[in-house]
Novice: 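Have a look at this one before I ask anything.
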Amino acid sequence: MKYVIKKDKRWYCRIVPKRHLLAFLPIKTKEYIKILKANTASEAETQAIPIINKWLNEINRAAEQFDKANTPTLGAEEILRTKHTASEITDEEYDIVQRWIDSSDSYEESKERKAVVKTKNAILSSAYVAEHRKSLKHLNPKTAEQRISRLQKQFIPNFKYLSATTTTELSIQQWVDSYTELESPPSHQTLSQYYQSARLYIKWLRKKGYFKLPTDVFQEIELPDEKELTPRIPRKSFKDDELRLILENIKDNELKDLTYIAMYTGARIEEIMQLKAKDLQELDDGYLVQIVDSKTKAGIRETPSSKHINQLIRERIKDKQPNDYIFPKGSKNKYKIRSDNYSKVFGRLKKKLGFTRDYVFHSIRKTVATKLEQAGIPESVASDCIGHEKLTMTYGLYSDGSSLEQKRNAIDSIEYSVNKKT
């Protein structure tokens with residue numbers, strides 16, 4: 001019988017485990033060995049069976065512990081990518097996933113992560129790319145790889161989570177429109193290829209049953225025309241006296257307040273128009289302005305308010321319900337973009353005052369960036385305040401972002417020689 005030996009007229013049972021398992025075994029020597037009180041081989045085997053079984057169970061457990069200790073721990077996203085139902089996730093993996101949820105940068109992202117894990121109404125956009133690549137075998141290999149590359153570089157970074165709330169006609173339209181804001185936008189043909197790669201991926205996900213979406217959100221999307229994708233005239237920032245002139249000539253109080261908020265936050269006009277009362281959280285010395293609807297991921301942010309607009313905010317949220325817009329006179333179009341009307345009013349006014357094409361409402365954002373730079377604010381902090389993408393890998397990929405105090409110091413550095421709303 002294996003593991004049973006006779007030596008010097010004595011019967012033994014003996015097992016020598018593999019050396020790498022010794023640290024996980026309850027023995028202090030390099031082997032299991034026990035003398036048996038037996039006179040014959042039959043007696044020795046009978047006595048050895050329960051002892052050997054016990055040892056083998058310990059060795060098997062040690063092997064499992066060794067494998068566990070030497071297997072890289074899967075990250076939450078890898079767990080969710082490889083295990084498609086909640087029942088497949090172990091208790092240890094669930095703890096990893098829960099920590100991933102808790103580490104969300106914002107309440108909105110936390111909700112999306114919970115949806116990915118618990119309801120399966122949302123998925124990680126990158127989860128099925130490898131499988132999608134295999135489904136493109138009917139295409140020329142180069143064509144298939146180009147489609148996957150466009151998907152990974154253009155669509156997925158902007159739609160990390162796919163759900164009925166993140167993948168809407170509005171969000172897709174804002175995504176394609178965002179290319180018109182680039183200094184060197186892609187050609188109409190290239191943008192069309194980005195769009196088609198994303199559309200075909202979503203169509204494939206729906207067909208496979210991986211993603212539930214009641215309608216084709218791509219159906220009514222309008223791509224920018226060639227003219228909109230030509231390199232833009234560089235925008236100029238407003239000087240203090242120029243902003244004073246504009247403010248003096250704005251007749252609409254709502255547009256004037258919009259302008260003041262832009263001057264002290266650097267927020268885009270649509271970001272401000274999307275603000276609701278619940279997005280302005282009262283602090284001891286002002287408000288926390290929470291931008292939850294932006295054209296870019298970096299645009300989702302929280303910034304303390306400047307002392308110069310605290311009274312304005314207080315008046316704007318007075319007597320409003322949490323879901324009420326603080327600027328109720330927004331435009332109404334099929335994409336739910338609320339700022340169109342005020343963008344046009346501002347455009348007509350600045351033209352009337354003699355400003356050229358390179359001055360637009362967005363120029364105020366450039367003014368804020370200029371003031372932060374001139375005040376010596378670190379670029380990473382300024383980016384967190386106004387919602388710019390960070391260019392370095394260290395800050396852009398690995399940093400959790402600037403602290404509230406750092407952002408408060410930056411915002412407090414913004415000053416104008418104009419009449420302020422305090």
Novice: Taking the six-membered ring where the residue is Trp, are the ring centres of Tyr194 and Tyr179 under 6.0 Å apart?
Specialist: yes
Novice: Are Val4 and Tyr12 close enough, and set up right, to give a side chain to side chain contact (heavy atoms under 4.5 Å, CB included), and what steps lead you there?
Specialist: CA-CA 6 Å; Val4 176; Tyr12 299 85; over 6 Å; no
Novice: As an exercise, state the distance from OH of Tyr210 to CH2 of Trp204, rounded to the nearest 0.5 Å.
Specialist: 5.5 Å
Novice: Kindly give the heavy-atom pair with the smallest separation between Asn140 and Lys142, and that separation in Å.
Specialist: OD1-N, 2.8 Å
Novice: Given side chains that start at C-beta, do those of Ile414 and Ser306 come closer than 4.5 Å, heavy atoms only?
Specialist: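 No, side chains not in contact.
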Novice: Does a side chain donor of either Glu315 or Gln311 reach within less than 3.5 Å of an acceptor in the other side chain?
Specialist: yes
Novice: Please report the interatomic distance CG(Leu275) to CD1(Ile317), rounded to the nearest 0.5 Å.
Specialist: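 That separation rounds to 11.0 Å.
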Novice: Does the side chain of Leu191 reach to within under 4.5 Å of the side chain of Pro186, using non-hydrogen atoms?
Specialist: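 A side-chain contact exists here, since the closest heavy-atom pair is under 4.5 Å.
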Novice: Atom CD1 in Ile272, atom OH in Tyr342: separation rounded to 0.5 Å?
Specialist: 12.5 Å
Novice: Taking the side chain as every heavy atom from C-beta outward, state whether Thr265 and Thr303 have any atom pair closer than 4.5 Å.
Specialist: no
Novice: May I ask you to say whether Glu254 pairs ionically with Arg316, meaning some side-chain N is under 4.0 Å from a carboxylate O?
Specialist: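 Yes, charged N to carboxylate O under 4.0 Å.
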Novice: Are Asp240 and Lys371 ion-paired here, with the side-chain N under 4.0 Å from a carboxylate O?
Specialist: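 So Asp240 pairs with Lys371 through a salt bridge.
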Novice: Start with the C-alpha gap between Gln406 and Asp384, add the side-chain angles, then the distance that decides, and say whether side chain to side chain contact (heavy atoms under 4.5 Å, CB included) holds.
Specialist: CA-CA 10 Å; Gln406 286 176 305; Asp384 286 336; over 6 Å; no
Novice: Would you say the side-chain atoms of Glu242 pair up with the backbone N or O of Lys239, donor to acceptor, closer than 3.5 Å?
Specialist: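 Yes; judged by distance alone, with no hydrogens or angles, the pair exists.
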Novice: Check whether Thr259 reaches the backbone of Leu255 with its side chain - one donor and one acceptor, N or O, closer than 3.5 Å.
Specialist: yes
Novice: Taking C-beta and beyond as the side chain, do Tyr3 and Leu56 meet within less than 4.5 Å on heavy atoms?
Specialist: yes
Novice: For the CD1 atom of Ile15 and the CH2 atom of Trp55, what is their distance to the nearest 0.5 Å?
Specialist: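 Nearest 0.5 Å value for the CD1-CH2 distance: 6.0 Å.
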Novice: Could you label the plane-to-plane angle of the Phe24 and Phe66 rings as parallel, tilted or perpendicular, counting under 30° as parallel and over 60° as perpendicular?
Specialist: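 Ring orientation of Phe24 relative to Phe66: perpendicular.
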Novice: Salt bridge between Asp216 and Arg199, side-chain N to carboxylate O under 4.0 Å?
Specialist: yes
Novice: Just verifying a value: how many Å separate Ser178 OG and Asn158 CG, rounded to the nearest 0.5 Å?
Specialist: 6.0 Å
Novice: Identify the heavy atoms of Ile326 and Ala277 that sit nearest to each other, and give their distance.
Specialist: CG2-N, 3.8 Å
Novice: Quick check: does any side chain N or O of Arg301 sit under 3.5 Å from a backbone N or O of Cys385, one acting as donor and the other as acceptor?
Specialist: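 Checked: pair present.
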Novice: Do you know which two heavy atoms are closest between Thr166 and Ser171, and how far apart they sit?
Specialist: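 Heavy atoms of Thr166 and Ser171 come nearest at O-OG, 2.8 Å.
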Novice: Are the aromatic ring centres of Tyr264 and Tyr416 under 6.0 angstrom apart?
Specialist: yes
Novice: Side-chain contact test, heavy atoms from C-beta onward, threshold under 4.5 Å: evaluate it for Val381 versus Leu372 and give yes or no.
Specialist: no
Novice: Does the Asp279 side chain pair with the main chain of Lys276, one donor and one acceptor, at a distance under 3.5 Å?
Specialist: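 Between the backbone of Lys276 and the side chain of Asp279 there is a qualifying donor-acceptor contact (under 3.5 Å).
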Novice: When you look at CD of Glu373, are more than 12 heavy atoms from neighbouring residues, nucleotides or ligands closer to it than 6.0 Å?
Specialist: no
Novice: Could you please spell out the steps behind the side chain to side chain contact (heavy atoms under 4.5 Å, CB included) verdict for Leu280 and Val289?
Specialist: CA-CA 5 Å; Leu280 296 151; Val289 182; 3.8 Å; yes
Novice: So Leu223 and Leu229, do their side chains get closer than 4.5 Å, heavy atoms only?
Specialist: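 No, every pair of side-chain atoms sits at 4.5 Å or beyond.
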Novice: Checking Gln152 against Arg133 for the side chain to side chain contact (heavy atoms under 4.5 Å, CB included) test, could you report, in this order, the C-alpha distance in whole Å, the side-chain angles of both residues, the deciding distance, and whether it holds?
Specialist: CA-CA 11 Å; Gln152 291 178 317; Arg133 178 187 275 112; 4.1 Å; yes
Novice: Do side-chain atoms of Glu302 reach the backbone of Leu288 as a donor and acceptor pair under 3.5 angstrom?
Specialist: no
Novice: Do you know which of Glu58, Lys54, Arg14 makes side chain to side chain donor-acceptor pair (under 3.5 Å) with Tyr32?
Specialist: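 Answer to the side chain to side chain donor-acceptor pair (under 3.5 Å) test with Tyr32 among Glu58, Lys54, Arg14: Glu58.
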Novice: Would one find more than 12 heavy atoms of other residues, nucleotides or ligands at under 6.0 Å from atom CZ of Arg206?
Specialist: yes
Novice: Got a donor-acceptor contact below 3.5 angstrom from the Arg235 side chain to the Tyr359 backbone?
Specialist: no
Novice: Over 60° means perpendicular and under 30° means parallel, so tell me whether Phe155 and Phe159 are parallel, tilted or perpendicular.
Specialist: parallel
Novice: Using only atom types and a distance under 3.5 Å, with no angle test, would you say the side chain of Glu43 pairs donor to acceptor with the backbone of Asn39?
Specialist: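 Yes, the answer is positive, given that a donor and an acceptor are paired below the 3.5 Å cut-off.
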Novice: Output yes when a side-chain donor or acceptor of Arg150 lies under 3.5 Å from a complementary backbone atom of Gln196, and no otherwise.
Specialist: no
Novice: Flag the pair Ile269 / His362 as yes when at least one side-chain heavy-atom distance between them is below 4.5 Å, and no otherwise.
Specialist: no
Novice: So does Ile51 get a backbone contact from the side chain of Lys34, meaning a donor-acceptor N/O pair under 3.5 Å?
Specialist: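 No; zero donor-acceptor contacts below 3.5 Å.
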Novice: Nearest 0.5 angstrom please: Tyr195 OH to Ile172 CD1, how far?
Specialist: 8.5 Å
Novice: Over all heavy atoms of both residues, which pair between Leu151 and Ser197 is shortest? Give the atoms and the distance, please.
Specialist: CD1-O, 3.7 Å
Novice: Minimum heavy-atom separation for Pro224 to His188, with atom names?
Specialist: O-CD2, 2.8 Å
Novice: Looking at Leu243 and Thr367, what are the two nearest heavy atoms and their distance?
Specialist: CD1-CG2, 4.3 Å
Novice: Decide whether Gln173 and Glu169 meet the rule of one side-chain donor and one side-chain acceptor closer than 3.5 Å.
Specialist: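 Note: Gln173 and Glu169 side chains miss the donor-acceptor criterion.
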Novice: Could you check whether Arg338 makes a cation-pi contact with Tyr325, meaning its NZ or CZ is under 6.0 Å from the centre of the six-membered ring and within 45° of the ring axis?
Specialist: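 Yes, a cation-pi geometry holds between Arg338 and Tyr325.
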Novice: If only atom types and distance count, is the side chain of Ser135 paired as donor or acceptor with the main-chain N or O of His132 below 3.5 Å?
Specialist: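 At least one qualifying donor-acceptor pair exists.
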